[in-house]
Amino acid sequence: MGFEIINTLKREKGLTNAQLAALSGVTLSTIDKITAGFNTNPKLDTLQALCRVLGCTLDDFSDAPYQSAKKAPSLPDEALKVARDYNGLDSHGKSMTRLVISEEQKRMDEEATAETAPPPSNIIPFSPRQKTSHGGIVTIEVYEEPSAAGTGNYVSDAPASHMEQYPEENIHTQADFGVIISGRSMEPKYPDKSVVFVKSTQVVEPEEIGIFLLDGQTYIKQLQVDQDTGEVFLHSLNPEFSDIEVLPSAEFRPLGKVLGGYDPATRQTIWK
């Protein structure tokens, strides 16, 4: 059975479930269920991730005897050293390691399929016009399609935008564009209808606030990562709103890091 093969290969390589999770990007809870025999039908992408680490192929999980299964090249010594070093990290270090591996695997998968994949739909093309500064006034592009501080807004292929002007001292120097906010889940810091100033990046660290794409919808939320399980959540500052769990199968990526904002209702600048 599948779990017996995984356990056998795991023992051969001297890996613990936690180390296997760190190297594969599969959550520790999922691996615990598979190796205990509770999950007998894991997802295909889960098996593929485990195969990459354990040096086997999907053929190994057929009904054929384990001894006749074809093996892929085993892990290099460097990868095994990384797995052993993982055990010496604290809970935060382990969480960050799992997150980095998961994000890097997504990046490589995206690059591998980029040439054959159809053009992505309903993803905001955050490629703003160059902001300018003159005479103490900054002109910056603001996207009119709001990023939801609530249940999420579906994004369009070509969101409307316009150029706005702000005093230079009210905008972070690294801000690339602005986005109008819809909803109350990030209050009191970012009220409904306020404008947030965003640095365009696909790297948002845990506890930072960013603009995120999740299954075709955009959100402004605080990124949180469970240090023990590696689970990812989009957190609302307003306690009236529940957090949103980012499932491993979800289409998820940061679109930018929020550096501050402006509330037109109060004419107040909001700093990070």
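Note that the structure is a prediction, hence the values are computed from the model and not measured.
- Residue H235 holds its NE2 atom at 11.5 Å from CG of L223, rounded to the nearest 0.5 Å.
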Practice task
Would you please test I220 and V179 for side chain to side chain contact (heavy atoms under 4.5 Å, CB included) and show each step?
Solution key: CA-CA 10 Å; I220 172 174; V179 181; over 6 Å; no

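- In terms of modelled atom types and a separation under 3.5 Å, the side chain of S24 and the main chain of V26 share a donor-acceptor contact.
- Partners of E169 according to the side-chain contact (heavy atoms from CB on, under 4.5 Å) rule, which considers only residues two or more places apart in sequence or in another chain, are P167.
- Side-chain contact between T27 and T229: absent, with no pair of heavy atoms (C-beta onward) separated by less than 4.5 Å.
- A side-chain donor-acceptor contact under 3.5 Å links K221 and S185.
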Exercise for the section: Apply side chain to side chain contact (heavy atoms under 4.5 Å, CB included) to L20 and L50, showing your working. Expected result: CA-CA 8 Å; L20 183 56; L50 295 177; 3.9 Å; yes

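- With rounding to the nearest 0.5 Å, the separation of OG1 in T201 from CG in L255 is 10.5 Å.
- The structure places CD of Q165 at 7.5 Å from OG1 of T132, a figure rounded to the nearest 0.5 Å.
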Handout entry: Check against side chain to side chain contact (heavy atoms under 4.5 Å, CB included), Y166 and T139
Key = CA-CA 7 Å; Y166 295 89; T139 302; over 6 Å; no

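- The pair E205-K257 does not meet the salt-bridge criterion, since no charged nitrogen lies less than 4.0 angstrom from a carboxylate oxygen.
- A donor-acceptor contact shorter than 3.5 Å links the side chain of N7 to the backbone of T35.
- Once rounded to the nearest 0.5 Å, the distance linking SG of C51 with CG of L44 reads 9.0 Å.
- Considering NE2 of H162 and CD1 of I140, their distance stands at 11.0 Å, rounded to 0.5 Å.
- When atom types are taken as modelled, the side chain of D215 and the backbone of E251 share a donor-acceptor pair closer than 3.5 angstrom.
- Within the 4.5 Å cutoff, the side chain of T30 has no heavy atoms near those of the K33 side chain.
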Exercise for the section: Test side chain to side chain contact (heavy atoms under 4.5 Å, CB included) on V198 and L259 and set out the steps. Expected result: CA-CA 6 Å; V198 183; L259 302 177; over 6 Å; no

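- For the residue pair D263/T266, the side-chain donor-acceptor check at 3.5 Å is satisfied.
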